[in-house]
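What follows is a single structure, written as structure tokens, with notes after it.
For the numbers below, each heavy atom of this structure counts, side chains included, while hydrogens, waters and symmetry mates do not. Positions are given from 1, in the same order as the sequence printed here. All values derive from a computational prediction rather than experimental measurement. One-based numbering, in listed order, for ligands and for the atoms of each.
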Amino acid sequence: MRVKVQNEILVSCSKRITLKNVSVFSDYNKKNWNKGSFMKQKIHARHLSEESWHALSEQDIYEELLTRPEGLEKEEVTNRLNLYGQNTLPAKEPPTIWAILLNQVLSPIIYILIVAAVLSLIIGEGTDAIFIFLMIGLNSGLGAYQEYGAEKSAAGLQNLLKIKAKVRRGNQEFEIPSEQVVPGDILLFESGNKVPADLRLIQAQNLTVDESFLTGESISVEKNTELQSEDVRVSDRKNMLYAGSTITKGRGAGIVVATGNSTQVGIIAKSVSESEGGKPPLVLRMEKFVKQISILVLLVSVGLGFLLRYQGYDLLAIFFFVVALAVSAIPEGLPVALTVALSIATKRMSKRNVIVRKLTAVESLGSCTIIASDKTGTLTVNQQTARKIILPGGREFSLTGEGYNGEGKVLVDDQKDFDKNTKKQLEDLAKLTVFANEARLYSKENGWDYNGDAMDVAFLAMAYKMGLNPEDIRNETQFIIEIPYESEQKFSAAFYKEENIDYVAVKGAVETVLDFCNIMKSADNIQTSLNRQLIEKQAVEMAEQGLRVLAVAGGEVSQLKEGDDYGVKDLKDLFFYGLVGFIDPLRPEAAESVRKCKRAGIKVLMITGDHPSTAGAIARELGLMDLDEEVVTGQQLKEVGTLDSPAFEKLVLSTHVFARVTPTQKLEIVEALIHHGEFVAVTGDGVNDAPALRRANIGVAMGSGTDVAKEVGMMIVTDDNFASIVSGVEEGRFAYDNVRKVIYLLISTGAAEVIMLIFAILTGLPIPLLAVQLLWLNLVTNGIQDVALAFEAGEPGAMRRKPRKPNEKIFDSQMMSQTLVSGFAIGALAFASWYWHIRNQMMDEASARNTIMLLMVLLQNVHVFNCRSESVSALKIPISRNYTLILGVVMAQGIHILSMHLPFMQRILSIEPVNFIEWFIALLLALILLFVMEVFKLGRRRNDKIAAYSKGEDLE
Ligand code: ADP
Ligand code: MG
């Protein structure tokens, strides 16, 4: 149903557009344009999309859009950018500061305060009312400012994820930001790319495209370059690509016919880049928690109110007391502090090369129990260098040199001559790998430049080392059709003509390529039948040294029949030309990161498309699996049973390294792990990885990966590095810890005030703190501190713990006990001081309140230090881990002392200056809290040790 409706919209849209008046360039303009003086005139007012581009020939489109196969020139691009604007759709506006501010004010606690302020006004307590309004303003302003900052830095990070497009301009191919694409540009595509504009295809090889966002059709559609009749509907235009779709397979090229708002998506005004809005679940959970607490506190406050009434307080005093109590106990700063903590974490992660697309990822990273990683590029550097060649006759050769350049030599291993025959054999092999190749590698004045797939570039480097020039070879060859490399098929091939005979060149995984061969040339250039066993033995020997082994094949193919195309079916009876082994060094940090994971209770898996022997050699070197453990192959997985069979799950759970795995199997492995209750992070880069990335608890896309992978990934690792993923996990744990610390601080100080008030009522003493005073303590002094606590750098112990359970409650027994103990300690200290002053009639009530206020601020100051760690002594945490906190504490104390000296504030808060001795005594009293909490932590540490000891674990 949905599909149909959308199609109708599309068709009617493309008809209606005739009314719009974006220009197309006329013949008149063309001349001027070609001279480089394009005039910004709109000659005939036709909209680009009015054209039935699908029904025009390639040549007509070049003429219509004043472009050519070599692409536009620089000047043309500038002109068109001016004329058509950037290739963007109207994005969803980020919330304005006003919207955020309004959101702050719309909270139950603010309503209570407003009622209180209005009541104060009515009874003539003008200053109280002003103060309350001031508090509201300050609190909302602070909150809004923080949220706005978080929003903005999140938007900044999103910018890093912009899509690039490969363009041909001035006969050169390079990448540009997709916003700079203009009509008439020639764009090139490969699987995994996102289409940035509407295009008419001029080249399509095996091209399939996912257009589901436009048509609702979830199956990928095949595309070609054939001319179509004019009345074909948008969704059936096989020779068009539409902005927002993704290439699922193959390669293609097209002419941009519409950009920005003129594209089909632009017309139906549907944003392609849906931004992932919404608050992270942790924040939502906390907001709910605050709401529940609020209700509870209100009920308790009203109850206490009745009690006070019974004791003879007058109604108004009670009302203000109830309001104050409610404000004390409700942690209204919590959601904001959480947002700040999470946004600090995202910023810290981005410094460690991890970009979090959804704030959710920050908190979930801390729960990760398994990281399933790619091998190539993630655990290794993906700097492939050909190291060894074995020719069919068995002669072995070594190659020297490092990295992507042509510098290096080919050496004969057996010290015998480099005869002409051998040389020719090597050159033939190298040539084939240049044919079946999509990359480029060339020398410039200042070094070498390259682009394309790492394996392909490595083959080109090998060709240079043999004295060949791949650039020339490719230019001189007449290609018929190419089968580009896709990780599912594990090979690439190219059909080409030489002296009117059709040939094919193939390179790829050994098993796959050998299936295409039945002949090989022996050392003395005699043709023999393929000795598959021997070749596979040679391949395994190379792989066991950690080399990645590829086979090369080629040969004549039978002449094409009319109306047929070459394809995989023609890959048969080929010559086997030899094996090439590549090294891809381990990332230097990888082994240490694997160790770090082990300590943190995280299992590391390797899932690779490479050969089991290569995978095994590398995994053992990394310490990822034991020396005697076996690698499990995709074939074995298939044989053991289906996804839901117990045998499958058992095999998956007992394995560390999976090799020759298809993308579907990768998904199945993830499913099995999740089903078993693991919390899985999975890495991926290709189109085929998308399902696994989506299914995983944390999809990790590689920075160098495809647009598709990045779009479904929850986080993106910009340097592809395994170590960065581990850093991400570490930062995730830090963030979660900080969230706990902030909650600890806020709830325990709130609880303390409630406890103190209850004590006072139970003992029949006057109320220790007035409503405005409590407001001050909670919204100002503590408000400054709690945000500073969110800046706390992580504790080293975070990566020596087991992962936390994903559904673990923040208010676990540990949180409960530390909140109660510290809340009770603060409440009791403040109350004791009050009791002593009042009972001994040391001073009048007002002066006593002044002392208690100061004591409370100092207690808050001390308690922040307690909250820096839930188990480590406050005295052992280096100051350097959070300078912001020191600033926050000094500011909180400073602002209070300042207020004691400002007449205006003195009047509102009923406070006055104290002398240094008094201040010092209050500080000493406050330090008792530190002592109490140190003893508490000591007990905890001892308990933890006993628990670990009885479990036989070793706590470092
Ligand atoms: P990984 O999981 O390590 O990234 P890939 O999926 O990239 O492995 O590669 C799987 C196999 O496909 C390789 O072992 C190799 O045999 C083959 N292969 C990889 N790249 C190419 C290429 N550019 N051309 C031909 N074959 C390739
Ligand atoms: Mg790969």
Fill in: Closest to atom 21 (C) of ligand 1 among Y485, F658, F582, F491 (heavy-atom distance)
Y485
Discussion item. Can you name the atoms of ligand 1, numbered from 1 with element, that are less than 4.0 Å from a heavy atom of D456?
Written reply: 22 (C), 23 (N), 24 (N)
Worksheet item: Taking the minimum heavy-atom distance to atom 8 (O) of ligand 1, which of E486, R548, K375 ranks first?
Response: R548
Worksheet item: Mind checking whether E438 has a heavy atom under 4.0 Å from ligand 1?
Response: no
Worksheet item: Do the non-hydrogen side-chain atoms of V552 and L579 ever get within less than 4.5 Å of each other?
Response: no
Item to complete: Report the part of D453 (side chain from C-beta onward, or backbone N, CA, C, O) that has a heavy atom under 4.0 Å from ligand 1; answer both or neither where that applies.
Response: side chain
Discussion item. Assess, by modelled atom type and distance only, whether the side chains of N382 and T376 contain a donor and an acceptor separated by less than 3.5 Å.
Written reply: no
Item to complete: Find all atoms of ligand 1 within a distance of less than 4.0 Å from any non-hydrogen atom belonging to L550, and give their numbers and elements.
Response: 16 (O), 25 (C), 26 (N), 27 (C)
Worksheet item: Mind checking whether Y442 and Y450 have ring centres under 6.0 Å apart?
Response: no
Discussion item. Looking at T248, is its backbone amide N or carbonyl O close enough to the side chain of T208 to form a donor-acceptor pair, meaning the two atoms are under 3.5 Å apart?
Written reply: no
Discussion item. Under a 4.0 angstrom heavy-atom cut-off, which atoms of ligand 1 come close to K490?
Written reply: 12 (O), 17 (C), 26 (N)
Item to complete: Determine whether the aromatic ring centres of F582 and F459 lie less than 6.0 Å apart.
Response: yes
Fill in: Atoms in ligand 1 with a heavy atom of A509 nearer than 4.0 Å
16 (O)
Practice prompt. Could you tell me whether D374 and ligand 1 have an N or O pair separated by under 3.5 Å?
Written response: no
Worksheet item: Hey, which atoms in ligand 1 end up nearer than 4.0 Å to a heavy atom of R660?
Response: 11 (C), 14 (O)
Fill in: Numbered atoms of ligand 1 (with element) below 4.0 Å of G508, judged on heavy atoms
16 (O), 25 (C), 26 (N)
Worksheet entry | From M455, K507, Q489 - option closest to atom 20 (N) of ligand 1 by heavy atom | M455
Worksheet item: Looking at R587 and E592, does any basic side-chain N land under 4.0 Å from a carboxylate oxygen?
Response: no
Worksheet item: Do R660 side-chain atoms and V632 backbone N/O form a donor-acceptor pair below 3.5 Å?
Response: no
Worksheet item: Does the E536 side chain pair with the main chain of Q533, one donor and one acceptor, at a distance under 3.5 Å?
Response: no
Worksheet entry | Salt bridge D689-R694, side-chain N to carboxylate O under 4.0 Å | no
Practice prompt. For D610, take its heavy atoms, then give the atoms of ligand 1 lying under 4.0 Å from any of them.
Written response: 8 (O), 14 (O)
Practice prompt. For ligand 1, find out whether one of its N or O atoms is nearer than 3.5 Å to an N or O atom of H611.
Written response: no
Fill in: Test: D456 and K507 ion pair at under 4.0 Å
yes
Response to the item:
ligand 1 to S487, heavy atom cutoff 4.0 Å, flagged ligand atoms 6 (O)
